[in-house]
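Ligands are counted one by one from 1 in listed order, and the atoms in each one are counted from 1 as well. Computed from a predicted model, the values in this text were never measured in an experiment.
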Amino acid sequence: MLLKGNVIAVASGKGGVGKSTVAVNLALSLAHMGKKTALIDLDIYGFSIPKILNLEAKPKTLNNKMIPVGFQDIKVMSMGFLVNENAPVVWRGPMLGKVLDHFFDDVLWGETDYTILDLPPGTGDVALDMHQKLPDCQEIIVTTPHPAAVHVAERAGTMAQKSGNKILGVIENMSYFSPPDLDERYHIFGEGGGPALAETLDTQLLGKIPISIPDEKGSTVFEGTPPRHYTDIAKKIIL
Ligand SMILES: Nc1ncnc2c1ncn2[C@@H]1O[C@H](COP(=O)(O)OP(=O)(O)OP(=O)(O)O)[C@@H](O)[C@H]1O
Ligand SMILES: [Mg+2]
């Protein structure tokens, strides 16, 4: 196992809640706080990290091991670096475990304090496989603020129980919208989902992330100094 240090998986029972966005911004925030940080896209079939980071590089190899792709101060690995963009990834079951082995054992991660894993949506095999390979892995569950998200709590909770992973806390994403330079908060997607989920799962609410306006390239990844809502979460993780 070449992957060392703390491993934190970002998961949700639901798709499209912002797991990948949160995983990227959290990894960048930890790196900004001086932690050696890696980011692994474990959404093998529906990888999105290369697109989110606008990375087209292919990992170089050294003595049959891969060198992760650098983005700012983080080291990144994704299935998207290894297959052609439009080629379907049709591997199933046992192959999945092999990809995880490949990412954990055959990549020259170097020293890492934190590795953030971006999980695919749902309650699938990846979380189970991951737990077998990384028994000390912790999970962050991402939800939206809508009260109906509590139903997802059951699934997210079952997923964590089934896989045996410890839950580090809940992040409520797309919590509210604040117009630039104003203090007002508009709860466009409702309120209460994050705290309710944290209570159901008997864990802490790590933080709430507002809805951001994508930049001209369509990106919701921050540049430079991390926004406060991310540094606050990163501080809780480092504790
Ligand atoms: N806080 C936010 N503010 C504005 N847009 C956001 C925010 N978080 C995520 N998004 C946008 O929502 C969409 C879904 O986000 P993302 O891909 O991170 O979700 P996901 O949970 O990883 O999805 P999937 O289940 O498909 O893996 C993207 O277009 C992303 O840019
Ligand atoms: Mg995703």
Would you say [atom1] of [X] has more than 12 non-hydrogen atoms from neighbouring residues, nucleotides or ligands within 6.0 angstrom?
| X | atom1 | answer |
| --- | --- | --- |
| Lys217 | NZ | no |
| Lys65 | NZ | yes |
| Glu56 | CD | no |
| Glu184 | CD | yes |

Does only the side chain of Thr220 get under 4.0 Å from ligand 1, or the backbone, or both, or neither? Count heavy atoms. side chain
So, using salt bridge (charged side-chain N to carboxylate O under 4.0 Å, His left out) as the criterion, who are the partners of Asp105 when residues are at least two apart?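 With neighbours one apart ignored, the set is empty.
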Check salt bridge (charged side-chain N to carboxylate O under 4.0 Å, His left out) between Lys133 and all other residues, then give those that pass, not counting sequence neighbours.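 For Lys133, the residues satisfying salt bridge (charged side-chain N to carboxylate O under 4.0 Å, His left out) (neighbours in sequence not counted) are Asp101.
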Identify, by atom number and element, the atoms of ligand 1 in contact range of [X], meaning under 4.0 Å from any of its heavy atoms.
| X | value |
| --- | --- |
| Pro121 | 25 (O), 27 (O) |
| Gly15 | 25 (O) |
| Asp43 | 27 (O) |
| Ser212 | 2 (C), 3 (N), 4 (C) |
| Met174 | 8 (N), 9 (C), 10 (N), 12 (O) |

Can you tell me if Glu172 uses its side chain to pair, donor with acceptor, with the backbone of Lys208 under 3.5 Å?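 Side chain of Glu172 to backbone of Lys208, a donor-acceptor pair under 3.5 Å: no, none is there.
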From Ile44 CD1 over to Leu119 CG, what is the distance, rounded to the nearest 0.5 angstrom?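 Ile44 CD1 to Leu119 CG: 10.0 Å, rounded to 0.5 Å.
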Can a non-hydrogen atom of [X] be found less than 4.0 Å from any atom of ligand 1?
| X | answer |
| --- | --- |
| Gly46 | no |
| Ser175 | no |
| Gly16 | yes |

Heavy-atom protein neighbour under 4.0 angstrom from atom 13 (C) of ligand 1: no
Atom 28 (C) of ligand 1: protein heavy atom closer than 4.0 Å? no
Does any N or O of ligand 1 fall below 3.5 Å from an N or O anywhere on [X], backbone included?
| X | value |
| --- | --- |
| Gly18 | yes |
| Ser48 | no |
| Pro210 | yes |
| Val22 | no |
| Ser20 | yes |
| Val17 | yes |

Could you tell me the residue and atom name of the protein heavy atom closest to [atom], and the distance to it rounded to 0.1 Å?
| atom | answer |
| --- | --- |
| atom 21 (O) of ligand 1 | Lys19 NZ, 2.7 Å |
| atom 8 (N) of ligand 1 | Asn173 ND2, 2.9 Å |
| atom 18 (O) of ligand 1 | Thr21 OG1, 2.5 Å |

Would you please test Thr231 and Ser29 for side chain to side chain donor-acceptor pair (under 3.5 Å) and show each step? CA-CA 6 Å; Thr231 42; Ser29 302; over 6 Å; no
Go through the structure and list residues passing side-chain hydrogen bond (donor to acceptor under 3.5 Å, both in side chains) with Asn173, not counting sequence neighbours. none
Check Trp109 against Leu2 and note the closest heavy-atom contact, atom names and distance.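 That closest heavy-atom pairing would be CB-O, 4.0 Å.
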Indicate the atoms forming the closest heavy-atom contact of Ser78 with Phe103, along with that distance. C-CZ, 3.8 Å
Can Gln204 and Lys236 be said to form a side chain to side chain contact (heavy atoms under 4.5 Å, CB included), step by step? CA-CA 10 Å; Gln204 60 179 328; Lys236 285 189 191 162; 4.2 Å; yes
Any chance you could lay out the side chain to side chain contact (heavy atoms under 4.5 Å, CB included) test for Thr37 and Thr112, step after step, and finish with the verdict? CA-CA 6 Å; Thr37 307; Thr112 39; over 6 Å; no
Test log, rule side chain to side chain contact (heavy atoms under 4.5 Å, CB included), inputs Glu191 and His146: CA-CA 6 Å; Glu191 258 180 285; His146 198 278; over 6 Å; no
Keeping to distances under 2.8 Å, can you name the protein N/O/S atoms close to the Mg ion (ligand 2)? Ser20 OG
Criterion side chain to side chain contact (heavy atoms under 4.5 Å, CB included) on Leu206 and Val170, from CA distance to verdict: CA-CA 6 Å; Leu206 287 164; Val170 167; over 6 Å; no
